[in-house]
There are 2 protein chains.
Amino acid sequence: MPKGSGAGGERPRLRTMEELSVAIGVSRPTLSRYFQDPDSVSRSSRERIARGLERVEYVPNFFATRMNRKSTGMIGVIIPYLNDLFFTKLQQSIEFAAMEAGFTVIVQCSHTTPEVEARAVETLISMNVDGAIVAPLGDNSDIAAMERLNRRLPFVLVDSRPGALSHVDYIGTEHSQSMGLMTEYLARVGDPPVFLAMPRVNFNALNHERAYLEKMEELGLEPQVVGTEEIEPGAHYEAHGELALGREFAEGRLTDRSIICVNDRVAIGALRAAARFGLDPGARRKGGLRIAGHDDYPLCPFLVPSLTTVGQDVDAIGQAAVARLMKKIRAENSLTDHAVTLFPGVLKLRESA
Amino acid sequence: MPKGSGAGGERPRLRTMEELSVAIGVSRPTLSRYFQDPDSVSRSSRERIARGLERVEYVPNFFATRMNRKSTGMIGVIIPYLNDLFFTKLQQSIEFAAMEAGFTVIVQCSHTTPEVEARAVETLISMNVDGAIVAPLGDNSDIAAMERLNRRLPFVLVDSRPGALSHVDYIGTEHSQSMGLMTEYLARVGDPPVFLAMPRVNFNALNHERAYLEKMEELGLEPQVVGTEEIEPGAHYEAHGELALGREFAEGRLTDRSIICVNDRVAIGALRAAARFGLDPGARRKGGLRIAGHDDYPLCPFLVPSLTTVGQDVDAIGQAAVARLMKKIRAENSLTDHAVTLFPGVLKLRESA
DNA sequence: GAACGAAATTTACGCAGGTAAAGAGTTAGC
DNA sequence: GCTAACTCTTTACCTGCGTAAATTTCGTTC
């Protein structure tokens, strides 16, 4: 028997609003209105209900309340995977923004597989969510499922946008700008940077690579890309970074170059590879090995050396996505403009480059 | 207009099973049975329905289907925060296990605040989930809410268990064993280890500290705990580790000791502090600074130096939690035994200690 | 004190489907 | 060829609550 749990612990449990109405002595519809907005009933009823609720244990049935209502007060979110602090941070800012707007968030994870993603879409549709925010699996996403989502309810893409969905609202980072920023910075201070890529499973990987190539051309420099081939199937991003760069180092290449990694997780692996070879990224700003990432993964400041990177404004993205979705929800279908909001990346200069 | 989305993109959309039944020419109840289990209708009906579904767009209403059914096929999960790969990994293994068992998972995050957690509990109850798995806020959790959950439906705690809920099923790591293991290892190879704690907001922090103290006493060694006071309000665990240990180093203390951190995130900060003071944890196994953590955070192998830690079997915990929950769900209330499953931690020896 | 309104409450029906019991169709046995 | 025994389908009612329309209540005014 736990102590201190006595207060109201054994109140009679009522299953339906009907039971509650006889217990309190107010009609069921009045209760219904009370639960939707306590101020919609008279003060006397309100107080009477409130007192009654203290004596019993009752919670309205979530499904029944949502059934016959125009709005379910829920928005759906789909993220591609869980083992990445970038997406969990995005999820968090979406949840806070939605909570503030009075919405319940239903999160589904597609676990990097299009089939699970498509199933998640069906689940959200069948739940009658008022709108959906999806961080897709890049070009791996089930485009037909996304199209269905887009036809059926307010829908916003975040983080990346498959080429086939260019007509859908999108909130994200201006990758060409952000990657260009880093490319330019590294080029300005040292040798032309080398791009450490990863197998094209990641959704913004190609965008980042493209942005790098463009900027290099603009600067009149010779681009160099390494690490595109898969080294170990199913390896974490970090492992890929370590293996790919380690392979270069092992053959004596790139040990004094500027490495611009496709993202921070790969960069973490790159730092590890450098350490394994006794290299100290960023020790010499000019002429020595430098390593930079992209995303501003929350751990970057704590790495050794701390990682120079480009920060994405995840909070802004999450808030803007929710704001846009709310606007679409309120506007029903009268909103015909097609919004793309891109936030610029900002350089986070730290020790590694 | 996107290309390649034509296949069935414009099929007539039916909102209700009633409409579908007239469109296909089968009675609604037959459809109902089909959607719950296609094998529960005759082969002819099954094929006829399947063919019909290809011609139209219809997805059953999630709420309506769950309303009048004994089981909703959903389990609820509550995790304390999102910005931690340990919990997301736990969530992932729970989701996979539940998916395999044919259940839909509803995840709610309590964002470290008891009020949000209590609200999440209400949401899960009102959704009639078949059971719930909760990683609580330690002793900060709303005990009354947890008690209510425990009375109303199959319920399993994971990761940590508030003292007041000792009568609830619990799946976790055997913290006294795992922390003892590390304490013993460090003590065996060098000076008596020092415990780097954190403000008591974290749920297993106290368990770990207690386990350390017990083991030290058992070994006949003098315990030493640092870092219990809050240095910077709201700081990340990593920041706390860096600040707390950095403060010691700045005054010339602990620079050649074995530091056992309350968890890996704090250890990451500790590694950073060491680097800032030009120290190289683990370089000398005997006599020099060593730093160890707890949890086997996914990034540990990639840190510089890689972090020696104690691994929790997160997958096993997630799977066991789901398995136990399934058993309770199937057993209704006939299950009276009270289960506690603890998985041992395993030493992960790496470079830092 | 009766009539009038505005506000609050109740009545009555609907939502989208689940499910037990009744009905229809099919096969097997004689 | 007919009935018994099943299987499958349909009928009919139910789930828990939202909500528009109808009714009641209560305070005000004349």
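Proteins get letters first, then strands, A, B, ... in listed order; numbering begins at 1 in each. What's counted below: heavy atoms across the whole structure, side chains too, no hydrogens, waters or symmetry copies.
- In terms of polar N and O atoms assigned as donor or acceptor, the side chain of Arg66(A) never comes within less than 3.5 Å of the base of dG18(D) in a complementary pairing.
- Between dG18(D), dA12(D), dA16(C), one nucleotide has an atom nearer to the side chain of Arg28(B) than all others, and that is dA12(D).
- Contact annotation: Ser27(B) reaches the phosphate of dT10(D) (side-chain N/O to OP1 or OP2, under 4.0 Å).
- In this structure, Arg69(B) places its CZ atom 9 Å from C1' of dG17(C), rounding to the nearest Å.
- Between the side chain of Arg33(B) and the backbone N or O of Val41(B), no donor-acceptor pair lies under 3.5 Å.
- Nucleic acid contact class of Tyr58(A) (heavy atoms, under 4.0 Å, all strands): sugar-phosphate only.
- Using a distance-only test at 3.5 Å, with no hydrogens or angles considered, no donor-acceptor pair links the side chain of Ser110(B) to the main chain of Thr113(B).
- Taking Phe62(A) as the reference, nothing meets the ring-ring contact (aromatic ring centres under 6.0 Å, His included) condition, with sequence neighbours excluded.
- Taking atom CZ of residue Arg48(A) and atom C1' of nucleotide dA8(C), one finds them 14 Å apart after rounding to whole Å.
- Shown for residues 29-40 of chain A: residues whose heavy atoms fall under 4.0 angstrom of DNA chain D, namely Pro29(A), Ser32(A), Gln36(A).
- No hydrogens or angles considered: a donor-acceptor pair under 3.5 Å links the side chains of Glu95(A) and His111(B).
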So which protein nitrogen or oxygen atoms get under 3.5 Å of nucleotides 21-28 of chain C's nitrogens or oxygens?
none

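- Applying a 4.0 Å cut-off to non-hydrogen atoms, none of the residues of residues 118-127 of chain A approaches DNA chain D.
- With hydrogens and angles disregarded, no donor-acceptor distance shorter than 3.5 Å links the side chain of Arg161(A) to the backbone of Tyr170(A).
- No more than 12 heavy atoms of other residues, nucleotides or ligands shown are found within 6.0 angstrom of CZ on Arg15(A).
- Protein atom CZ of Phe63(A) is 16 Å distant from nucleotide atom P of dA16(C), rounded to whole Å.
- Separating the CG atom of Asn61(A) from the P atom of dC15(C) is a distance of 19 Å, rounded to the nearest angstrom.
- As judged by a 4.0 angstrom heavy-atom cut-off over every strand, Met67(B) is placed among the base-contacting residues.
- In this structure, CG of Asn68(A) is placed 13 Å from C1' of dT15(D), rounded to the nearest angstrom.
- In this structure, Glu19(A) atom CD and dT15(D) atom P are separated by 11 Å, rounded to whole Å.
- Electrostatic pairing of Glu115(B) and Arg119(B) does not count as a salt bridge here, judged by no charged N lying under 4.0 Å from a carboxylate O.
- In this structure, the salt bridge (charged side-chain N to carboxylate O under 4.0 Å, His left out) partners of Glu18(B), at least two apart in sequence or on a different chain, are Arg28(B).
- Between Lys89(B) and Asp315(B) there is no salt bridge, since none of the side-chain N atoms of the basic residue sits less than 4.0 Å from a carboxylate O of the acidic one.
- For Arg324(B) (side chain) and Ile171(B) (main-chain N/O), no donor-acceptor pair under 3.5 Å exists by modelled atom type.
- With hydrogens and angles ignored, the 3.5 Å screen pairs a side-chain donor or acceptor of Asp169(B) with a backbone N or O of Ala339(B).
- In this structure, CZ of Arg46(A) is placed 13 Å from C1' of dA7(C), rounded to the nearest angstrom.
- The salt bridge (charged side-chain N to carboxylate O under 4.0 Å, His left out) check on Arg152(B) picks up Glu57(A), with sequence neighbours excluded.
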